[in-house]
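Atoms considered below: every heavy atom in the structure, side chains included; atoms not considered: hydrogens, waters and symmetry mates. Each chain gets a letter, A, B and so on, in the order the sequences are listed, and its residues count up from 1.
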Amino acid sequence: MLSVLDALNGQLLAAMERAFPELTDPDPQLVPASKPEFGDFQANGALPLAKPLRQAPRQIAAAIVAQLGADSGFAELCEPPQIAGPGFINLTLRPDCLTAQVAARLGDPRLGVARAVEEAGGGSPAPVVVDFSSPNIAKEMHVGHLRSTIIGDCLARVLEFRGHPVLRLNHVGDWGTQFGMLITHLKQVAPEALEHPDAVDLGDLVAFYRQAKARFDEDEAFQSASREEVVKLQRGDPDSLKAWRLLCDQSRREFQKIYDRLDIHLDERGESFYNPYLQTVVDDLRDAGLLVVDDGAGCVFLEGMTGKDGNPLPLIVQKRDGGFNYATTDLAAIRYRFAPAPQGDGAGRVIYVTDAGQASHFAAVFQVARRAGWIPGSASVEHVSFGLVQGEDGKKLKTRAGDTVRLRDLLDEAVERAEADLRRRLEEEGRQEDDAFIAQVATTVGLAAVKYADLSTNRSTNYQFSFDRMLALTGNTAPYLLYAVVRIAGIARKGGDLAVCSGSVALGSGSASSASLRFSEPQEWALIRELLRLDAVIVEVETELLPNRLCNYLFELSQVFNRFYDQVPVLRAEEPARASRLALCGLTADTLKLGLGLLGIPTLERM
RNA sequence: GGGGUUGUAGCUCAGCCGGAUAGAGCGGCGGUUUCCUAAACCGUAGGUCGUGGGUUCGAGUCCCGCCAGCCCCGCCA
């Protein structure tokens with residue numbers, strides 16, 4: 001309904017200018033109404049004018065409303081405005097306006113959501129880079145990667161739906177000191193792992209990594225051997241490279257299993273990709289006069305970030321031993337992503353989905369990149385940070401043994417619990433279903449629950465992980481939303497003709513069906529108003545990068561639909577109410593499917 | 001010590017550019033089923049928005065101080 005909002009905003013602005021020509025920059029402050037009884041929208045713009053105009057705010061509101069009355073375009077959209085409280089102008093859309101909006105969405109596969117490119121007026125849009133997931137080679141994916149993977153995928157889906165070319169980049173940890181450690185250790189204890197594929201599995205690799213790390217922390221000789229090994233690798237020594245490739249392949253296969261389960265697509269472009277650019281990054285920083293050698297290390301001192309003694313903090317880009325670190329890699333990456341093709345991605349927006357603990361690191365990297373001139377003025381770079389996944393004790397999530405939780409185990413448990421729940425319910429209801437059905441429902445519900453639980457809280461705060469809560473059939477959970485879709489599918493089955501209420505049907509050019517739609521019940525209007533919010537919500541997620549706004553919307557839509565379902569008969573209604581209500585059901589199902597799809601959650605016909 | 005972040009109902013969380021009487025779910029209590037899946041719906045109780053100031057027509061929201069939790073702070077990512 002953004003187009004209606006735009007139109008109203010323009011009309012209000014014009015009315016304010018006519019009522020008070022002396023105002024230089026009036027703002028209607030048109031926003032969605034804070035409560036349903038206030039109508040659809042409220043304009044708060046009269047209130048702040050009280051002082052400059054030296055008039056009572058209600059009087060100002062009345063003058064604006066009087067001017068609106070002279071606008072025939074406004075009268076087509078809205079009922080006569082109401083002035084309320086200290087001077088709010090409340091607007092309620094006319095029923096025929098709402099009906100026309102519904103009709104326009106019935107034949108539209110995008111459900112009224114415009115493409116950002118069309119809004120911008122064409123031209124080939126710059127890609128958006130979404131950097132997410134980013135597990136480390138030779139380590140298991142654990143619960144810490146869950147949020148980045150799920151949030152990043154959702155944001156990528158929303159941006160893609162809005163028509164942006166999106167680069168989903170998996171910045172895997174496939175480079176750096178840890179490989180020096182691991183290769184040095186394996187050469188001594190398991191050289192076959194560096195020669196033959198499949199000589200060790202990921203579990204072994206993880207154990208070897210732990211041993212290597214322990215030796216690195218204690219044994220100085222091992223430490224320097226590891227450092228030498230890193231240098232060899234970074235120089236491109238063939239034996240080192242071969243060993244490294246084997247290790248990466250081994251890990252990559254395991255990661256892919258997780259991504260396949262979650263239906264998440266990523267282009268791998270690990271840290272190693274930027275190896276050829278590291279030296280030039282440092283050289284260019286030196287040429288730009290930003291590099292300072294301090295205590296043997298190449299540093300850029302940061303503006304506005306000070307340490308213990310009040311001195312500026314450094315960002316170290318070259319270690320004393322001449323090696324590069326993750327800051328160097330991140331700088332090379334940011335430069336490459338913004339650099340015009342073919343030497344770079346030519347991105348207009350780069351989004352990093354990592355935990356909040358890295359906030360100061362990214363602030364530093366962004367600052368240095370900006371000062372080096374690597375971020376175009378028209379482009380934006382954002383750190384989409386998120387909080388910790390905590391256990392129900394409020395501490396960082398761990399297994400009973402105190403280890404970090406492996407992602408595959410976590411997903412397995414969610415599916416197992418969903419299956420146990422389903423079997424219990426089938427038994428209670430005396431329903432007979434085959435194993436294929438049970439497996440499909442349990443998998444969908446279990447994985448949806450994990451994703452939805454993560455996406456539905458505001459990402460900036462820590463969130464408490466609880467299988468019981470996320471799998472609950474009531475409340476703001478995936479099963480509740482999935483059930484709403486199932487209820488509609490049930491109506492379609494009983495009604496026999498899914499086509500009647502499906503948006504995919506040839507209803508002609510939407511406007512043709514507008515005349516046949518008849519709505520009368522308050523629950524119908526409530527559902528319509530909710531359905532029409534979709535485009536605004538998606539644009540908000542695109543801008544704010546907050547998936548929980550979309551979750552919240554889908555939950556509210558489901559609630560409104562369940563009220564409608566409970567109180568308004570559909571199949572038993574007389575025409576034309578029956579067809580109109582079927583159309584609302586179809587639009588609700590399409591909206592839920594689209595929204596859940598953007599969250600990376602598939603829907604079910606029965607559950 | 002410096003920086004960041006969080007603090008809202010018993011529990012888990014929303015709260016958009018500062019807008020009307022601070023919202024939801026769970027849990028509690030009380031109801032609703034000849035009817036499209038009751039995995040639902042309706043009603044009800046529950047709040048000093050950590051705390052003290054400030055800014056203004058108006059503050060959960062912005063600014064300052066304090067308290068508490070978590071995270072980061074030179075060669076790991």
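- Taking atom C1' on both C62(B) and C17(B), the two are 12 Å apart, rounded to the nearest angstrom.
- For R423(A) and E419(A), the salt-bridge test passes: some basic side-chain N is under 4.0 Å from an acidic carboxylate O.
- Distance K396(A) NZ to U6(B) P: 19 Å, rounded to the nearest Å.
- Identified under the salt bridge (Lys or Arg N to Asp or Glu O under 4.0 Å) test for residues 170-183 of chain A, with sequence neighbours left out: none.
- For the 3.5 Å distance criterion, the side chains of N275(A) and S272(A) fail to qualify, holding no donor opposite an acceptor.
- Atom P of nucleotide A14(B) and atom CG of L455(A) are separated by 13 Å, given to the nearest angstrom.
- The two residues P86(A) and P57(A) have their closest heavy-atom pair at O-CB, 3.4 Å.
- Between N458(A) and the phosphate of G15(B), there is a side-chain N or O to OP1/OP2 separation shorter than 4.0 Å.
- One can place CZ of R459(A) at 15 Å from C1' of A14(B), the figure rounded to the nearest angstrom.
- Not one N or O on the side chain of R227(A) forms a donor-acceptor pair closer than 3.5 Å with the backbone of G180(A).
- Going from the C1' atom of G69(B) to that of C63(B) covers 23 Å, rounded to whole Å.
- Taking all atoms of both residues into account, the shortest heavy-atom contact from E433(A) to I438(A) is O-CD1, 4.0 Å.
- When the P atom is used for both A45(B) and G1(B), the distance is 46 Å, rounded to whole Å.
- More than 12 heavy atoms of other residues, nucleotides or ligands lie within 6.0 Å of CD in E575(A), so this atom counts as buried by the packing criterion.
- G2(B) atom P lies 19 Å from atom CG of L302(A), rounded to whole Å.
- Following rounding to the nearest Å, Y480(A) (OH) and U12(B) (P) show an atom-to-atom distance of 22 Å.
- Rounded to an integer number of Å, the gap from CG of L5(A) to P of C17(B) is 15 Å.
- For Q178(A), the side chain to side chain donor-acceptor pair (under 3.5 Å) test picks out no residue, with sequence neighbours left out.
- Classification of C63(B) as anti follows from a glycosidic angle more than 90° from 0.
- Atom C1' of G19(B) sits at a distance of 31 Å from the matching atom of G10(B), rounded to the whole Å.
- By the side-chain contact (heavy atoms from CB on, under 4.5 Å) test, A212(A) is found to be paired with M181(A), H185(A), F222(A), residues two or more places apart in sequence or in another chain being considered.
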Nucleotides 32-36 of chain B: which of its N/O atoms have a protein N/O under 3.5 Å away?
from	atom 1	to	atom 2	distance (Å)
C35(B)	O2'	R572(A)	NE	3.0
C35(B)	O2	R572(A)	NH2	2.9
C36(B)	O3'	K494(A)	NZ	3.3
C36(B)	O2'	I491(A)	N	3.4
C36(B)	O2	L571(A)	N	3.3
C36(B)	N3	V570(A)	N	3.4
C36(B)	N4	Y565(A)	O	2.3
C36(B)	N4	V568(A)	O	3.0

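- Near RNA chain B, defined here as any heavy-atom distance below 4.0 Å, the residues from residues 49-56 of chain A are K51(A), listed numerically.
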Close N/O contacts between protein and nucleotides 75-77 of chain B (under 3.5 Å):
from	atom 1	to	atom 2	distance (Å)
C75(B)	O2	R320(A)	N	2.8
C75(B)	N4	D295(A)	O	3.1
C75(B)	N4	D295(A)	OD2	3.4
C75(B)	N4	R320(A)	NH1	3.3
C76(B)	OP2	K319(A)	NZ	3.2
A77(B)	OP2	Y326(A)	N	2.8
A77(B)	O3'	E271(A)	OE1	3.4
A77(B)	O3'	E271(A)	OE2	2.1
A77(B)	N7	Y326(A)	OH	3.1
A77(B)	N6	Y326(A)	OH	2.6

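- Nucleotides A59(B) and A22(B), compared at atom C1', are 12 Å apart to the nearest Å.
- Scanning for side-chain contact (heavy atoms from CB on, under 4.5 Å) contacts around H142(A) gives H145(A), T404(A), with sequence neighbours left out.
- Using modelled atom types, one side-chain atom of Q223(A) and one backbone atom of F216(A) make a donor-acceptor pair closer than 3.5 Å.
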Can you give one letter per nucleotide of nucleotides 18-31 of chain B, 5' to 3': B if a protein heavy atom sits under 4.0 Å from the base, S if only from the sugar-phosphate, - if neither?
-> -BBS-SSSS-----
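- Taking V65(A) as the reference, P81(A), I83(A), I89(A) meet the side-chain contact (heavy atoms from CB on, under 4.5 Å) condition, with sequence neighbours excluded.
- As judged by a 4.0 angstrom heavy-atom cut-off over every strand, P479(A) is placed among residues making no nucleic acid contact.
- Contact between L5(A) and F41(A) at its shortest, heavy atoms only, is CD1-CE2, 3.3 Å.
- In this structure, CD on E530(A) lies 12.5 Å from CG on L584(A), to the nearest 0.5 angstrom.
- As rounded to the nearest Å, C13(B) and U56(B) have P atoms that lie 37 Å from one another.
- A heavy atom closer than 4.0 Å to some atom of RNA chain B occurs in N548(A), R549(A), N552(A), these being the qualifying members of residues 545-553 of chain A.
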Pair pattern of RNA chain B in dot-bracket, where unpaired bases get dots and | marks partners in another strand, Watson-Crick or G-U under 3.5 angstrom = (((((((..((((.....[...)))).(((((.......))))).....(((((..]....))))))))))))....
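- Residues N476(A) and Y452(A) have side chains that bring a donor and an acceptor to within less than 3.5 angstrom of each other.
- With rounding to whole Å, D393(A) atom CG is found 17 Å from G69(B) atom P.
- One finds a salt bridge joining R529(A) and D40(A) here, because a Lys/Arg side-chain nitrogen approaches an Asp/Glu carboxylate oxygen to under 4.0 Å.
- Taking the charged nitrogens against the carboxylate oxygens, R424(A) and D421(A) do have a contact shorter than 4.0 Å, which makes a salt bridge.
- Look at CD1 on I60(A): it is 11 Å from C1' on C57(B), rounded to the nearest Å.
- For the side-chain contact (heavy atoms from CB on, under 4.5 Å) test, residues two or more places apart in sequence or in another chain that qualify with D294(A) are C299(A), F301(A).
- Side chains of S460(A) and N458(A): a donor-acceptor N/O pair is present below 3.5 angstrom, by distance only.
- When the C1' atom is compared between C42(B) and U21(B), the two are found 22 Å apart, to the nearest whole Å.
- Looking only at distances, a side-chain donor or acceptor of R147(A) sits under 3.5 Å from a matching main-chain atom of G387(A).
- On the P atoms, U48(B) is 14 Å away from G60(B), given to the nearest whole Å.
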